[in-house]
Amino acid sequence: MLGRILEWVDERTGIKEIHKTQMVDYKVPKNLTFPYVFGILALTTFALQIISGIILIMYYKPIIAHAFDSANYTIMREVDFGWLFRNIHAAGANFFLAIVYLHMFTGIYYNAYKKPRELVWIIGWVIYFVLLTTALTGYLLPWGQLSYWGTVVTTEIPASLADAPILKGFFGAIGETISYWMKGGYKLEDLALGRFFGLHVLFLPLVLLALVGIHLFLVRAAGISNPDGYEIDKKAEPEKVVPFHPYMTLKEGAYAMWYLAIFFFFVFFYMGHFLPADNFEPADPLKTPPHIAPEWYLLGFYEVFRSIPSKFWGFIAFNLILVLLLLLPFLDFSPVKSARRRPLFFIAFVIFLISSMALTVLGSMAPTPANAKLGMFFTFLVFLFFLSLPVISFLEWGWHKAKGGQV
Ligand code: HEM
């Protein structure tokens with residue numbers, strides 16, 4: 001029966017030919033390592049977020065008078081399985097960012113941002129930026145104490161521009177305008193909630209869908225990189241590649257199942273971290289909670305911001321890190337790829353990885369003078385990583401050419 005339906009569809013669409021050319025004739029390197037799976041896991045999590053999000057919008061009410069109750073009472077207690085979809089969405093946001101970070105570090109380790117994949121990286125960077133904005137706008141919606149105060153802190157960050165060493169008034173006005181524009185007023189009220197809701201449930205997901213589509217198209221166009229750092233000539237070296245289907249589909253499908261098993265373990269048994277108790281208290285603009293820190297995926301940037309004594313330079317520093325991340329394909333210009341055969345780059349990568357993790361941990365700790373010094377030290381190392389890349393590239397390329405190595 002299924003076969004006959006497929007024949008019927010194929011006669012009208014040529015789907016079998018599309019499957020053959022896009023899945024079977026499309027070849028990928030044989031030697032892809034485990035971290036190459038994070039792209040598919042990001043895609044899996046994205047699907048979970050869209051599905052659970054659609055269910056949540058059906059019951060959530062984006063006005064202050066009802067937001068908290070609709071999220072915490074209607075969805076969690078009245079709607080059948082509403083708790084399940086909220087848990088999936090809240091845990092999913094954290095898993096999504098964790099997977100995307102792992103995916104980015106994999107790309108950096110194997111230098112997957114280099115020619116011919118610069119555009120894959122650039123669109124990936126835009127995805128990361130939009131993803132952070134999506135997380136930020138979604139965080140306010142349950143209108144709990146953490147949602148409210150976390151958003152107050154984030155929307156006040158542009159105001160640090162008023163600390164500029166020169167033209168204070170000019171920068172101050174820009175910062176205030178950005179902050180005002182984000183909130184739709186001087187305070188977080190219904191206008192802000194409506195604005196965040198519209199962005200979170202419609203605009204940003206549509207942008208993300210389009211960007212992920214372009215990202216995948218670009219991955220296809222450039223071909224997946226290789227952990228050894230060599231570009232495989234698929235026609236001349238057929239022994240080094242395998243058909244995407246069934247080899248990759250089965251392998252990545254199996255990993256996706258394991259991933260879902262771990263994900264749902266958290267959804268069913270360990271939601272304390274993803275839906276913290278403090279957020280089950282309605283937002284009170286008159287009562288500041290004792291500990292307000294951004295979510296873990298922003299802590300690294302937050303630590304860079306607060307460890308630098310001038311708020312203005314702190315603001316510039318964390319934005320500069322984002323810009324340097326975008327410029328990675330151009331800073332690391334040598335055609336030699338993969339940390340596996342780049343000893344200096346390998347050391348720089350390890351320092352960058354450790355510094356990023358250290359900044360994240362420090363961002364969650366109390367802002368003591370000792371922590372601020374450590375924060376500054378690791379911020380310095382992060383900048384050193386980016387700024388040493390042109391030098392490392394130059395040296396390693398020179399050695400490589402001297403040895404007559406293949407690019
Ligand atoms: C919604 C988020 C994302 C999804 C669903 C996604 C999906 C994918 C998939 C399926 C692949 C091919 C398989 C693989 O190499 O893992 C891939 C490759 C790639 N992605 Fe992403 N990605 C996302 C975000 C990002 C971000 C934030 C960056 C970097 C800033 C990025 C950079 C790359 C690069 C450089 C490659 C090429 C890897 C290679 O050829 O080795 N991606 N992505």
Side-chain angles (χ1 to χ4, degrees), residues 22-23 26-50 53 92-135 138 204-232 234 241-242 244-245 247-249 251-253 255-256 259 297-298 300-301 321-332 337-340 349 352 356 386:
Q22 297 303 313
M23 304 288 281
Y26 171 64
K27 305 281 194 311
V28 291
K30 231 181 201 175
N31 59 339
L32 294 184
T33 49
F34 168 73
Y36 277 85
V37 78
F38 293 126
I40 291 296
L41 299 190
L43 211 55
T44 311
T45 323
F46 190 27
L48 282 174
Q49 289 305 88
I50 301 268
N94 287 272
F95 271 71
F96 203 176
L97 275 142
I99 294 287
V100 164
Y101 275 123
L102 291 168
H103 184 54
M104 287 165 78
F105 276 108
T106 308
I108 298 177
Y109 183 82
Y110 292 124
N111 301 160
Y113 47 76
K114 288 192 177 185
K115 193 181 169 193
R117 300 181 187 82
E118 298 97 321
L119 276 176
V120 180
W121 177 263
I122 292 170
I123 295 293
W125 184 91
V126 183
I127 293 179
Y128 171 58
F129 195 78
V130 176
L131 207 57
L132 288 181
T133 320
T134 313
L204 295 170
L206 284 181
V207 172
L208 268 179
L209 271 172
L211 287 170
V212 170
I214 300 172
H215 188 64
L216 297 181
F217 168 77
L218 290 168
V219 173
R220 272 290 167 110
I224 293 186
S225 73
N226 187 317
D228 288 335
Y230 299 101
E231 292 302 324
I232 296 176
K234 291 180 185 171
V241 288
V242 286
F244 183 74
H245 181 74
Y247 293 91
M248 281 290 272
T249 41
K251 180 177 148 189
E252 303 219 318
Y255 279 132
Y259 168 70
Y297 38 80
L298 290 172
F301 292 114
I321 293 179
L322 277 171
V323 175
L324 289 170
L325 202 60
L326 172 66
L327 297 179
L328 208 54
F330 311 102
L331 292 171
D332 189 9
K337 287 178 219 149
S338 179
R340 277 191 182 176
F349 174 83
F352 174 57
S356 311
F386 286 112

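Both ligands and their constituent atoms are indexed starting at 1 by order of listing. These numbers come from a predicted model, not from an experiment.
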**Fill in**
Under 4.0 Å between heavy atoms, the region of F46 that gets near ligand 1 turns out to be neither

**Asked** At a non-hydrogen distance cut-off of under 4.0 Å, which region of L216 contacts ligand 1 (side chain, backbone, both, or neither)?
**Response** side chain

**Identity of the nearest option to atom 31 (C) of ligand 1, non-hydrogen atoms only, from K114, E118, M104, H215** = H215

**Request:** Please confirm whether the backbone N or O of N111 pairs with a side-chain atom of W121, one donor and one acceptor, at under 3.5 Å?
**Result:** no

**Proximal heteroatom of H103 relative to atom 21 (Fe) of ligand 1 (N/O/S)** = NE2

**Message:** Side chains of S225 and Y36 only: does a donor on one sit below 3.5 Å from an acceptor on the other?
**Reply:** yes

**Complete:** atom 40 (O) of ligand 1 sits nearest the protein heavy atom S225 N, 2.8 Å

**Complete:** If you scan protein heavy atoms around atom 26 (C) of ligand 1, the nearest is G124 O, 3.4 Å

**Asked** Cut-off 3.5 Å, side chains only: do S356 and Y101 have a donor facing an acceptor?
**Response** no

**Request:** Say whether Y110 and ligand 1 are in contact under the criterion: heavy-atom distance to a ligand atom below 4.0 Å.
**Result:** no

**Asked** Among protein heavy atoms, which sits nearest to atom 36 (C) of ligand 1, and what does the distance come to when rounded to 0.1 Å?
**Response** V120 CG1, 3.4 Å

**Prompt:** Given side chains that start at C-beta, do those of L32 and M248 come closer than 4.5 Å, heavy atoms only?
**Reply:** yes

**Asked** Between V100 and ligand 1, which part of the residue brings a heavy atom under 4.0 Å of the ligand: side chain, backbone, both or neither?
**Response** side chain

